[in-house]
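Down below is the structure, laid out as structure tokens.
Along the sequence shown, residues are numbered consecutively beginning with 1.
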Amino acid sequence: PCEGMAVAEAEAERHSHPHHHQQEDGKDAFVRMFRQGVTCEEACQLEDAITWFRRAALCAEEHKQHARASVGWHRAALAFQIRGKHEDYAHAIDCHARQLTMAVVCGDRMGESVAYGGLGAAHYARGEYEKAAECYWKDVSACMDLGDRRREGMAYRRLGWVFQAMGEYKRAADTHGMNLGVAVELEDRIEQIEACANLRNAHWSLGNVRTAVRYHESFLRLSRGDSRSSTPPRPPIFWSVREFRMAVQQHTLRRTLPE
């Protein structure tokens with residue numbers, strides 16, 4: 001069990017003593033602190049989890065273990081975002097920025113992609129949409145370099161959300177369309193469902209009612225696992241339009257769907 005921030009501080013101070021360094025190297029110290037952070041996070045003790053993850057990251061930095069430090073900063077940032085207070089997102093941005101620095105130092109392009117995605121999410125939560133879009137485009141670029149089409153598609157989806165929030169509905173429709181294209185290529189039915197829902201919303205915002213209806217119908221067909229779909233059928237999410245509308249009400253969509 002976690003013993004609180006005071007104990008975490010005392011433990012970190014104890015392990016900074018020269019005699020202890022003779023017994024525990026940087027790798028062992030990182031693993032111990034990181035595992036303690038995971039334990040605290042699983043117990044929903046996020047303040048303690050943040051303390052341990054940050055100390056693990058600092059320990060790794062001290063011992064020039066850049067890949068480990070990147071992971072530690074990533075987990076600290078996620079803990080801040082999970083806690084979700086307004087000021088936490090600024091801390092998350094700082095942690096993701098340090099994660100990015102470590103990833104760049106050790107040439108970890110995947111780590112860069114993950115950091116850009118985290119930065120985009122944190123800026124989005126703060127309403128800093130231009131910064132969020134910039135980070136997500138950099139995530140797209142990293143995913144292209146890696147040849148990771150799945151993550152690339154996810155980045156397009158998040159970009160679409162940013163543009164939708166900015167009221168740039170044409171750009172939202174374009175990026176959600178790119179997400180749909182990747183999802184079809186990968187035969188990812190769940191991502192196709194998400195893309196169709198987002199395209200429906202973007203086109204409805206543009207006043208393209210017929211196009212919105214078409215994507216809404218595709219959304220329902222894919223959700224039910226209709227045999228007319230080009231993707232393999234799976235267990236249905238919504239069995240009827242009525243149940244779909246009930247789900248929409250629960251998630252408080254801004255606009256009324258067309259009949």
- Side chain proximity check, E41 to I50, heavy atoms < 4.5 angstrom: no

- Task: Scan residues 89-102 for pairs that pass salt bridge (Lys or Arg N to Asp or Glu O under 4.0 Å), counting only residues two or more places apart or in two chains.
- Result: E61-R98

- Given side chains that start at C-beta, do those of S113 and D148 come closer than 4.5 Å, heavy atoms only? no

- Query: Who are the side chain to side chain contact (heavy atoms under 4.5 Å, CB included) partners of C106, not counting sequence neighbours?
  - Reply: H66, A67, D108

- Task: Please tell me if the side chains of E152 and M144 come closer than 4.5 Å, counting only heavy atoms from C-beta onward.
- Result: yes

- Query: Going hydrophobic residue to hydrophobic residue with side-chain gaps under 4.5 angstrom, can you get from W137 over to M166?
  - Reply: yes

- Message: Closer than 4.0 angstrom, basic N to acidic O: yes or no for R221 and E217?
- Response: no

- Same apolar cluster: L146 and V114, side chain cutoff 4.5 Å: yes

- Message: As an exercise, state the distance from OG1 of T211 to CZ of R200, rounded to the nearest 0.5 Å.
- Response: 13.5 Å

- Item | ILVMFWY cluster membership beyond L58 - transitive side-chain contacts under 4.5 angstrom | W73, M102

- Could you state the interatomic distance from CZ (R32) to CG (D28), rounded to the nearest 0.5 Å? 9.0 Å

- Can you name the closest pair of heavy atoms from G160 and A172 and give their distance? O-CB, 3.6 Å

- Query: So, H91 versus Q81: side-chain donor-acceptor pair below 3.5 Å or not?
  - Reply: no

- Item | Pair R150 + E191, salt bridge at N-O below 4.0 Å | no

- Message: Nearest 0.5 angstrom please: N179 CG to W161 CH2, how far?
- Response: 9.0 Å

- Query: Do Y215 and V184 belong together in a cluster built from hydrophobic side chains that touch within less than 4.5 Å?
  - Reply: yes

- Over all atoms of both residues, closest heavy-atom pair of D48 and C40: CB-SG, 3.6 Å

- Query: In chain order, what residues pass the side chain to side chain contact (heavy atoms under 4.5 Å, CB included) check against V38, with sequence neighbours excluded?
  - Reply: F34, E42, F53, R75

- Note on the structure: Between A133 and V162, the two heavy atoms sitting closest are CB-CG1, 4.1 Å

- Message: Taking ring-ring contact (aromatic ring centres under 6.0 Å, His included) as the cut-off, I'd like each qualifying pair that reaches into residues 106-133, sequence neighbours left out, listed once.
- Response: Y124-Y129

- Query: If you take all heavy atoms of G117 and D139, which pair is closest and at what distance?
  - Reply: CA-OD2, 3.9 Å

- Note on the structure: Between F80 and D88, the two heavy atoms sitting closest are O-CB, 3.3 Å

- Message: Using side chain to side chain contact (heavy atoms under 4.5 Å, CB included), reason through H63 and K27 one step at a time and then give a plain yes or no.
- Response: CA-CA 8 Å; H63 292 85; K27 177 181 177 181; over 6 Å; no

- Item | Pairwise side-chain contact, H74 with C95, heavy-atom cut-off 4.5 Å (strictly under) | no

- What residues, two or more places apart in sequence or in another chain, satisfy side chain to side chain donor-acceptor pair (under 3.5 Å) together with K170? D174

- Taking every heavy atom of A60 against every heavy atom of F30, the minimum-distance pair comes out as CB-CD1, 3.8 Å

- Around atom CD of E87, are there more than 12 heavy atoms of other residues, nucleotides or ligands at under 6.0 Å? yes

- Query: Measuring from R189:CZ to I193:CD1, what's the distance to the nearest 0.5 Å?
  - Reply: 4.5 Å

- dist T175:OG1 -> M178:CE (nearest 0.5 Å) comes out at 7.5 Å

- So, does N208 use its side chain to make a donor-acceptor pair with the main chain of W204 at under 3.5 Å? no

- Is a donor on one side and an acceptor on the other found under 3.5 Å between the side chain of T101 and the backbone of A97? yes

- Task: Starting at CG of L180, measure out to CD of E185 and round the result to the nearest 0.5 Å.
- Result: 11.5 Å

- Flag the pair R224 / L220 as yes when at least one side-chain heavy-atom distance between them is below 4.5 Å, and no otherwise. yes

- Any Lys/Arg nitrogen of E112 or R109 sitting under 4.0 Å from an Asp/Glu carboxylate oxygen of the other? yes

- Can you check whether H176 and Y156 have ring centres sitting under 6.0 Å from each other? no

- Is the closest basic N to carboxylate O distance between E134 and K131 below 4.0 Å? no

- Message: Side-chain heavy atoms nearer than 4.5 Å, only ILVMFWY residues, links allowed to pass through others: does that put V104 and I93 together?
- Response: yes

